[in-house]
Amino acid sequence: MIRCKTKMELRDVLADWRRAGERIGAVPTMGALHQGHLSLIAAAKKLSDRTVATIFVNPLQFGPNEDFDTYPRDMDRDLEMLKARGCDLVFAPERADLFAQDFSTKISVAGVGEGHCAKTRPQFFDGVATIVTKLLMILAPDVAVFGEKDYQQLTVIKRLVRDLDIPVEIIGAPIIREEDGLAMSSRNQYLTSPERAAAPVLFETINLAADKFIDAGSGWSKIHDWAAAQILKAGFSKVDYLNMVDADTLTAIDKPDRPARLLAAAWIGRTRLIDNIAVSPPDSA
Ligand code: PAF
């Protein structure tokens, strides 16, 4: 596995692969890899001849009081995991290689980049959209794979690629869960053991809430209140949101009459967990 620390090193390797007619698949990450990330590598490998992972903890997507400094970092472990999965190249740049001192451009995606996570993390999607645009320009991959775990992020990335005519296919890969249903996340490492024991309630509850919504045929707000109470009763300290939305536009819906997504974010201790599930209209089953 090749490791590139600079754009210059990377460009030479990619140019060789392109000259040889090879299809390039990209998996952007912030490191602290787990099975969820490895499933993205497996998906990219199926869709390309050469798989490139990026590891960069992107300062632009963290707010001033968020966990940029303490975000888990373990480059040696990440490299071993990627090598074992047959990743061909890792691009792990230093901040100075990506950002000029007077870097001043921002990519902002209105609509799908608003609400939900953006309500409590107002800088997040501009930060993601800006770094992902840069990585897609630098790598120019044929295909790039992102997890459905960050469903709003995936939607924002699909939208910016479409709007800016970036010639890459964006693929969403399914959420990988622990045996008890908790969605895998690098931030799960922050959970204490009682928090870890309570954490699967988020997934359990959104499943039950989605079933209730389908059965009721309308009226998300009542089911929302029931679900939020269940999550708080299990030991979560705050529910950021539980939003039933159209799966493409992420706008609120009140009837299960089209493909929908139930998006959720809640705090347990000092950890904010996000999750989501697909909600299909009853006659599509
Ligand atoms: O999902 C992530 O790990 C990050 O938000 C991403 C897409 C790599 C951008 O920094």
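It should be emphasised that the depicted structure is a prediction, and the values quoted were computed from it without experimental measurement. Order of appearance sets the numbers: ligands from 1, and atoms from 1 within every ligand.
Judged by the 6.0 Å distance and 45° axis criteria, Lys7 is not positioned over the aromatic ring of Phe91. For the pair Arg272 and Tyr241, the NZ or CZ position fails the cation-pi test of under 6.0 Å to the six-membered ring centre and within 45 degrees of the ring normal.
Here Lys149 contributes atom NZ and Leu40 contributes atom CG; the two are 11.0 Å apart, rounded to the nearest 0.5 Å.
Using a distance-only test at 3.5 Å, with no hydrogens or angles considered, a donor-acceptor pair links the side chain of Asp78 to the main chain of Leu33.
At a heavy-atom cutoff of 4.0 Å, ligand 1 is contacted by the backbone of Thr29 but not by its side chain.
The closest protein non-hydrogen atom to atom 5 (O) of ligand 1 is Gln153 OE1, 2.7 Å. At the top of the distance list for atom 10 (O) of ligand 1, counting protein heavy atoms only, stands Gln61 OE1, 2.7 Å.
Atom numbering of ligand 1 starts at 1 in the shown order; those under 4.0 Å from a heavy atom of Ile131 are 9 (C), 10 (O).
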